[in-house]
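This report concerns only the one structure given below.
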Number of protein chains: 2
Amino acid sequence: MDQLSSTFAALADPTRRAILARLTEGPATVKELSEPFDISGPAISKHLRVLEKAGLITRGREAQWRPCQLDATPLREVAVWAENYRRFWDASYARLDALLTEMKENEK
Amino acid sequence: MDQLSSTFAALADPTRRAILARLTEGPATVKELSEPFDISGPAISKHLRVLEKAGLITRGREAQWRPCQLDATPLREVAVWAENYRRFWDASYARLDALLTEMKENEK
DNA sequence: AGGTTAGATAACCAAGCGGTTAGGTACGTG
DNA sequence: CACGTACCTAACCGCTTGGTTATCTAACCT
């Protein structure tokens with residue numbers, strides 16, 4: 001699976017997006033990350049592995065804790081990808097598009 | 001499933017992203033959309049249904065054709081969501097963050 | 001009416017996902 | 001050492017997904 005696909009796949013789960021949101025406040029242990037959720041530890045571990053494989057988090061090793069840290073690099077690619085579609089949702093870009101199309105028509 | 005989740009899920013497949021890319025050039029029939037891919041018609045139909053449910057395309061009805069059209073509105077939400085993480089990938093924002101942290105430390 | 005084309009639906013299959021429980025490992029502390 | 005804590009892996013379960021083939025509908029064209 002390519003980078004963008006695995007990033008999108010990782011972001012498709014609300015629990016994982018909530019984990020990323022929590023990590024914007026700083027690193028956290030697995031226990032801390034699991035507290036807001038009503039699911040088991042292993043379920044959180046799986047989510048973290050998905051996020052790690054997508055390159056969205058990095059994990060350290062401190063005694064019995066495995067602190068997680070946000071790595072937003074793949075999100076830049078997401079933003080760049082989405083921005084390519086801006087002209088299809090942005091009204092002013094749409095008007096610009098229409099203008100350019102009209103000018104092309106007049107050329108003929 | 002919430003809007004953002006189904007949008008991300010729809011974008012997680014390269015075939016579907018390629019379909020969206022094709023639709024930036026204008027509306028297309030199912031047949032036209034399926035041509036670049038080596039998969040069956042029903043498979044394309046399923047992809048289109050996923051895109052439709054995610055609100056990323058709309059479909060018309062012209063005789064025996066069902067032209068598909070891009071609707072990029074959900075992609076704006078994706079861009080907005082990703083932009084919230086800009087300061088975690090953007091170097092200048094990172095430096096600003098570091099500066100603010102340092103200032104907080106000095107306050108103590 | 002008969003044939004072709006566009007497309008959807010149905011039934012099926014293998015693989016993946018999100019969750020569980022049970023059990024294992026590694027570390028700090030009484 | 002014994003115990004608790006933090007976390008992981010393994011095995012399992014039900015549902016979803018991405019694909020297939022076969023069959024159906026709807027429209028067009030002789």
Side-chain angles (χ1 to χ4, degrees), chain A residues 1-23 26-71 74, chain B residues 1-23 26-71 74:
Chain A
M1 191 146 65
D2 60 298
Q3 176 60 47
L4 205 46
S5 292
S6 61
T7 305
F8 278 131
L11 297 178
D13 188 286
T15 302
R16 288 195 289 263
R17 289 200 307 277
I19 289 174
L20 292 182
R22 162 65 184 81
L23 288 176
T29 68
V30 177
K31 190 75 185 311
E32 288 166 345
L33 289 175
S34 72
E35 252 138 31
F37 307 106
D38 197 18
I39 59 179
S40 67
I44 296 288
S45 274
K46 285 190 179 183
H47 283 307
L48 293 178
R49 202 170 59 228
V50 172
L51 289 169
E52 192 178 17
K53 282 196 175 176
L56 285 161
I57 64 170
T58 56
R59 321 185 65 174
R61 209 173 278 248
E62 278 181 36
Q64 66 269 60
W65 299 282
R66 305 292 306 281
C68 299
Q69 196 169 3
L70 179 64
D71 181 355
Chain B
M1 191 144 69
D2 61 298
Q3 176 60 49
L4 204 46
S5 293
S6 61
T7 304
F8 278 131
L11 297 179
D13 188 285
T15 302
R16 288 194 289 263
R17 289 201 305 279
I19 289 175
L20 291 181
R22 163 63 185 81
L23 288 176
T29 68
V30 176
K31 190 77 186 310
E32 286 166 348
L33 290 175
S34 74
E35 251 138 32
F37 307 106
D38 199 17
I39 60 180
S40 65
I44 295 288
S45 274
K46 285 189 180 184
H47 283 306
L48 293 179
R49 202 169 60 225
V50 172
L51 290 170
E52 192 177 18
K53 281 194 176 177
L56 285 161
I57 63 170
T58 56
R59 321 185 65 173
R61 210 171 277 248
E62 277 180 38
Q64 66 271 59
W65 298 281
R66 304 287 183 79
C68 299
Q69 195 169 2
L70 179 64
D71 180 355

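The model shown is predicted, which means the values in this text are computed figures rather than measured ones. Per chain, numbering begins at 1; letters A, B, ... match sequence-line order. Any value given below was found using the heavy atoms of this structure, including those in side chains, with hydrogens, waters and symmetry copies removed.
Rounded to a whole Å, the CD1 atom of A/I44 is 15 Å from the P atom of D/dT9. Distance, A/K31 NZ to D/dT5 C1': 8 Å, rounded to whole Å. At whole-Å resolution of the value, NE2 in A/H47 and C1' in C/dG16 are 14 Å apart. The distance between atom CG of A/L48 and atom P of C/dC17, rounded to the nearest whole Å, is 15 Å.
Near DNA chain D, meaning a heavy atom under 4.0 Å from it, residues 6-18 of chain A has no residue at all. Within residues 49-70 of chain B, the residues having any heavy atom closer than 4.0 Å to DNA chain D are, in order of number, B/A63, B/Q64.
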Table please: side-chain donor-acceptor pairs of residues 4-17 of chain A below 3.5 Å, with sequence neighbours left out.
from: A/S5; atom 1: OG; to: A/D2; atom 2: OD1; distance (Å): 2.5
from: A/S5; atom 1: OG; to: A/D2; atom 2: OD2; distance (Å): 3.3
from: A/S5; atom 1: OG; to: B/A12; atom 2: O; distance (Å): 3.3
from: A/S5; atom 1: OG; to: B/R17; atom 2: NH1; distance (Å): 3.1
from: A/S5; atom 1: OG; to: B/R17; atom 2: NH2; distance (Å): 3.1
from: A/S6; atom 1: OG; to: A/D2; atom 2: O; distance (Å): 3.4
from: A/S6; atom 1: OG; to: A/Q3; atom 2: O; distance (Å): 3.0
from: A/T7; atom 1: OG1; to: A/Q3; atom 2: O; distance (Å): 2.8
from: A/T7; atom 1: OG1; to: A/Q3; atom 2: NE2; distance (Å): 3.0
from: A/D13; atom 1: OD1; to: A/T15; atom 2: N; distance (Å): 2.8
from: A/D13; atom 1: OD1; to: A/T15; atom 2: OG1; distance (Å): 3.4
from: A/D13; atom 1: OD1; to: A/R16; atom 2: N; distance (Å): 3.3
from: A/R16; atom 1: NE; to: A/A10; atom 2: O; distance (Å): 2.8
from: A/R16; atom 1: NH1; to: A/H47; atom 2: ND1; distance (Å): 3.1
from: A/R16; atom 1: NH2; to: A/A9; atom 2: O; distance (Å): 3.2
from: A/R17; atom 1: NH1; to: A/L11; atom 2: O; distance (Å): 2.7
from: A/R17; atom 1: NH1; to: B/S5; atom 2: OG; distance (Å): 3.1
from: A/R17; atom 1: NH2; to: B/D2; atom 2: OD2; distance (Å): 3.0
from: A/R17; atom 1: NH2; to: B/S5; atom 2: OG; distance (Å): 3.1

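Counting only heavy atoms from C-beta on, B/I39 has its side chain closest to D/dG19 among D/dA11, C/dA8, D/dG19. Closest to the side chain of B/S45, out of D/dT20, D/dC12, C/dG7, is C/dG7.
Judged as a side-chain contact (heavy atoms from CB on, under 4.5 Å), and not counting sequence neighbours, the contacts of A/E35 are A/K31. Partners of A/A43 under the side-chain contact (heavy atoms from CB on, under 4.5 Å) rule, at least two apart in sequence or in another chain, are A/I39, A/S40. For B/A21, the side-chain contact (heavy atoms from CB on, under 4.5 Å) partners are A/Y85, not counting sequence neighbours. Remark: B/Q69 engages B/P27, B/T58 in a side-chain contact (heavy atoms from CB on, under 4.5 Å) (not counting sequence neighbours).
The distance from the CD atom of B/E62 to the CD atom of B/Q64 is 10.0 Å, given to the nearest 0.5 Å. Taken from CG in A/L70 to CG in A/L51, the straight-line distance is 9.5 Å, to the nearest 0.5 Å. Here A/L33 contributes atom CG and A/C68 contributes atom SG; the two are 5.0 Å apart, rounded to the nearest 0.5 Å. To the nearest 0.5 Å, the span separating CD1 on B/I57 from CG on B/L20 amounts to 8.0 Å.
At D/dT20, one or more side-chain N or O atoms of B/S40 fall inside 4.0 Å of OP1 or OP2 (strictly under the cut-off).
Under the salt bridge (Lys or Arg N to Asp or Glu O under 4.0 Å) criterion, the residue pairs touching residues 45-59 of chain B are B/E52-B/R59, with sequence neighbours excluded.
For the pair B/E32 and B/P36, the tightest heavy-atom approach, listed with the atom from each and the gap, is O-CD, 3.6 Å.
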Produce the list of close N/O pairs, under 3.5 Å, pairing protein atoms with atoms of nucleotides 22-25 of chain D; give distances to one decimal.
none

